[in-house]
Amino acid sequence: MNKLLTFCLLSTFACQEKPPISENEKENLSSTSVSTVNRNDLVTENNVKYHQFKADTLTNLNIPGFEILASYQLKNVKIAEGYYKPVDGIMVAPDTERDQGRRLLILNNKNEIISKSKGVGEVYLNQPYFYKNDANENILIVCQLAYEYYFGAEAYLLQNDRLKYLGNIDIESKSMEIPLLDILRIKENKKIITFSFESDSILLKPGDKDELVRNNNLRYEYDYKTFRLKK
């Protein structure tokens, strides 16, 4: 009888309805749910991907004293990639010992130079690639560098027709025969532009130390002040 009575009591308690949720508890649950949704939406909205695009090429662009290797039209400006011609093998202005070789020039519609990059020396390749997103007017220019092999890139931001140098991307793919641009991925939020790499391993300081490391979210970040490597 005692066992039967115990069983009946337990069954009665188990079948009782749970007490109703109070109004305060409802508000807490509701606010938590909305907060989570808003945070997720914020992350989605603020991370914008850049995609590579082909700029219109120009022909017959002439800049006195400047050897043009490639030229492009980007909205209101023209971009010329090349170098200042030496005279009899002697360096000429505006080149200096610390600022010479191949570079980018930004020109207005009158072909006047309004902005230019620092020279990257006598490299074999300083080829510009262009990136934009669907959220703002920013254009990123990433110039692949090479001698007999690829060895990183220079990154620039074209904003309001002015060229801003971000920094050097001292990285290559694990095979120096595959250009960095093949594995580069770019995105931004309101605070940071991130340059990441779609590869399981990365070559740091290519052409110098050639340090092969695992790619554990290795990336460059630009916070509109500094450009730095994050490991």
Side-chain angles (χ1 to χ4, degrees), residues 52 54-74 77-108 111-131 139-158 161-184 186 195 197 199 202-212 220 222 226-229:
Q52 191 181 129
K54 289 187 177 181
D56 294 333
T57 56
L58 296 174
T59 57
N60 301 321
L61 182 62
N62 182 44
I63 304 171
F66 192 79
E67 181 73 27
I68 298 175
L69 303 174
S71 55
Y72 310 88
Q73 181 77 50
L74 276 180
V77 298
K78 300 171 185 177
I79 297 179
E81 193 274 318
Y83 57 90
Y84 288 104
K85 298 175 184 177
V87 178
D88 297 328
I90 300 174
M91 188 179 299
V92 297
D95 275 358
T96 65
E97 287 292 337
R98 295 187 177 183
D99 181 9
Q100 50 86 25
R102 296 174 72 145
R103 68 179 75 231
L104 298 180
L105 301 182
I106 310 299
L107 305 100
N108 61 20
N111 291 345
E112 297 168 334
I113 299 172
I114 57 176
S115 186
K116 63 183 177 181
S117 73
K118 187 176 179 180
V120 293
E122 300 306 318
V123 299
Y124 294 174
L125 183 70
N126 180 48
Q127 185 173 354
Y129 291 82
F130 304 96
Y131 295 81
I139 291 178
L140 292 171
I141 304 175
V142 182
C143 291
Q144 175 73 62
L145 299 172
Y147 284 115
E148 295 90 349
Y149 51 85
Y150 297 113
F151 69 98
E154 299 284 328
Y156 305 89
L157 173 62
L158 184 63
D161 298 342
R162 294 286 172 175
L163 190 68
K164 180 177 178 58
Y165 177 62
L166 303 188
N168 176 254
I169 302 175
D170 199 10
I171 277 177
E172 271 303 333
S173 65
K174 57 187 175 182
S175 169
M176 293 174 71
E177 297 178 356
I178 299 174
L180 169 71
L181 277 297
D182 282 8
I183 62 171
L184 178 64
I186 307 173
F195 299 73
F197 311 96
S199 176
I202 292 290
L203 196 64
L204 296 177
K205 300 184 182 299
D208 181 14
K209 293 186 178 180
D210 295 339
E211 181 184 354
L212 189 64
Y220 278 86
Y222 176 63
T226 57
F227 186 75
R228 65 184 68 182
L229 176 64

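Nothing fancy with the numbering, it's 1 onward along the sequence. Every value quoted in this text rests on a predicted model; they were computed, and no experiment measured them.
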All N/O donor-acceptor pairs, side-chain side in residues 139-153, below 3.5 Å, sequence neighbours left out:
{"from": "Gln144", "atom 1": "OE1", "to": "Leu180", "atom 2": "N", "distance (Å)": "3.1"}
{"from": "Gln144", "atom 1": "OE1", "to": "Leu181", "atom 2": "N", "distance (Å)": "3.4"}
{"from": "Gln144", "atom 1": "NE2", "to": "Gly152", "atom 2": "O", "distance (Å)": "3.1"}
{"from": "Gln144", "atom 1": "NE2", "to": "Glu172", "atom 2": "OE2", "distance (Å)": "2.8"}

Could you point out which residue of Ile106, Leu105, Asn111, Ile113 forms a side-chain contact (heavy atoms from CB on, under 4.5 Å) with Lys78?
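Considering Ile106, Leu105, Asn111, Ile113, a side-chain contact (heavy atoms from CB on, under 4.5 Å) with Lys78 is found only for Asn111.
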[X] versus [Y]: any side-chain heavy-atom pair under 4.5 Å?
| X | Y | value |
| --- | --- | --- |
| Asp56 | Tyr72 | no |
| Phe197 | Ile169 | yes |
| Ile63 | Ile68 | yes |
| Phe195 | Leu166 | yes |
| Glu122 | Gln100 | yes |

Once rounded to the nearest 0.5 Å, what's the spacing between atom [atom1] of [X] and atom [atom2] of [Y]?
| X | Y | atom1 | atom2 | result |
| --- | --- | --- | --- | --- |
| Ser71 | Asn60 | OG | CG | 9.0 Å |
| Leu107 | Glu112 | CG | CD | 9.0 Å |
| Gln52 | Tyr129 | CD | OH | 7.0 Å |
| Thr57 | Gln73 | OG1 | CD | 10.5 Å |
| Lys164 | Leu157 | NZ | CG | 8.0 Å |
| Leu212 | Ile202 | CG | CD1 | 9.0 Å |

Any residue meeting side-chain contact (heavy atoms from CB on, under 4.5 Å) with Thr226, in chain and number order, not counting sequence neighbours
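With sequence neighbours excluded, Thr226 shows a side-chain contact (heavy atoms from CB on, under 4.5 Å) to Asp223, Arg228, given in chain and number order.
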Could you pull out all residues at least two apart from Asp210 that satisfy side-chain contact (heavy atoms from CB on, under 4.5 Å)?
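For Asp210 the side-chain contact (heavy atoms from CB on, under 4.5 Å) partners, ignoring immediate neighbours, are Met176, Leu203, Pro206.
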Between Ile171 and Leu204, does a side chain to side chain contact (heavy atoms under 4.5 Å, CB included) hold up when you go through it step by step?
CA-CA 5 Å; Ile171 277 177; Leu204 296 177; 3.7 Å; yes
Kindly assign one of parallel, tilted or perpendicular to the pair Tyr220 and Phe227, based on the angle between their ring planes and the thresholds 30° and 60°.
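The rings of Tyr220 and Phe227 lie parallel, inter-plane angle below 30°.
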side-chain hydrogen bond (donor to acceptor under 3.5 Å, both in side chains) pairs, two or more places apart, involving residues 88-98:
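Listed once each, the pairs are Asp95-Arg103.
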For Lys116, check side chain to side chain donor-acceptor pair (under 3.5 Å) against everything at least two apart and list the hits.
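Testing Lys116 for side chain to side chain donor-acceptor pair (under 3.5 Å), a comparison that skips the adjacent residues, returns none.
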Are any side-chain N or O atoms of Ser173 and backbone N or O atoms of Ile178, one a donor and one an acceptor, separated by less than 3.5 Å?
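Looks like yes, one N/O pair under 3.5 Å.
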N/O donor-acceptor pair under 3.5 Å between Arg102 side chain and Tyr124 backbone
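Yes: the side chain of Arg102 pairs with the backbone of Tyr124.
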How far apart are the C-alpha atoms of Leu163 and Leu104, what are their side-chain angles, what is the distance that settles it, and do they pass the side chain to side chain contact (heavy atoms under 4.5 Å, CB included) test?
CA-CA 9 Å; Leu163 190 68; Leu104 298 180; 4.2 Å; yes
Sequence neighbours left out, what passes ring pair (Phe, Tyr, Trp, His ring centres under 6.0 Å) with Tyr83? Give chain and number order.
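Partners of Tyr83 by the ring pair (Phe, Tyr, Trp, His ring centres under 6.0 Å) criterion come out as none, since no residue qualifies.
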Testing the basics here: between [X] and [Y], what is the closest heavy-atom pair and its distance to 0.1 Å?
| X | Y | result |
| --- | --- | --- |
| Asn126 | Val123 | CB-CG2, 4.1 Å |
| Ile183 | Ser199 | CD1-CB, 4.2 Å |
| Tyr165 | Ala155 | CD1-O, 3.7 Å |

Test side chain to side chain contact (heavy atoms under 4.5 Å, CB included) on Ile114 and Arg162 and set out the steps.
CA-CA 7 Å; Ile114 57 176; Arg162 294 286 172 175; 4.1 Å; yes
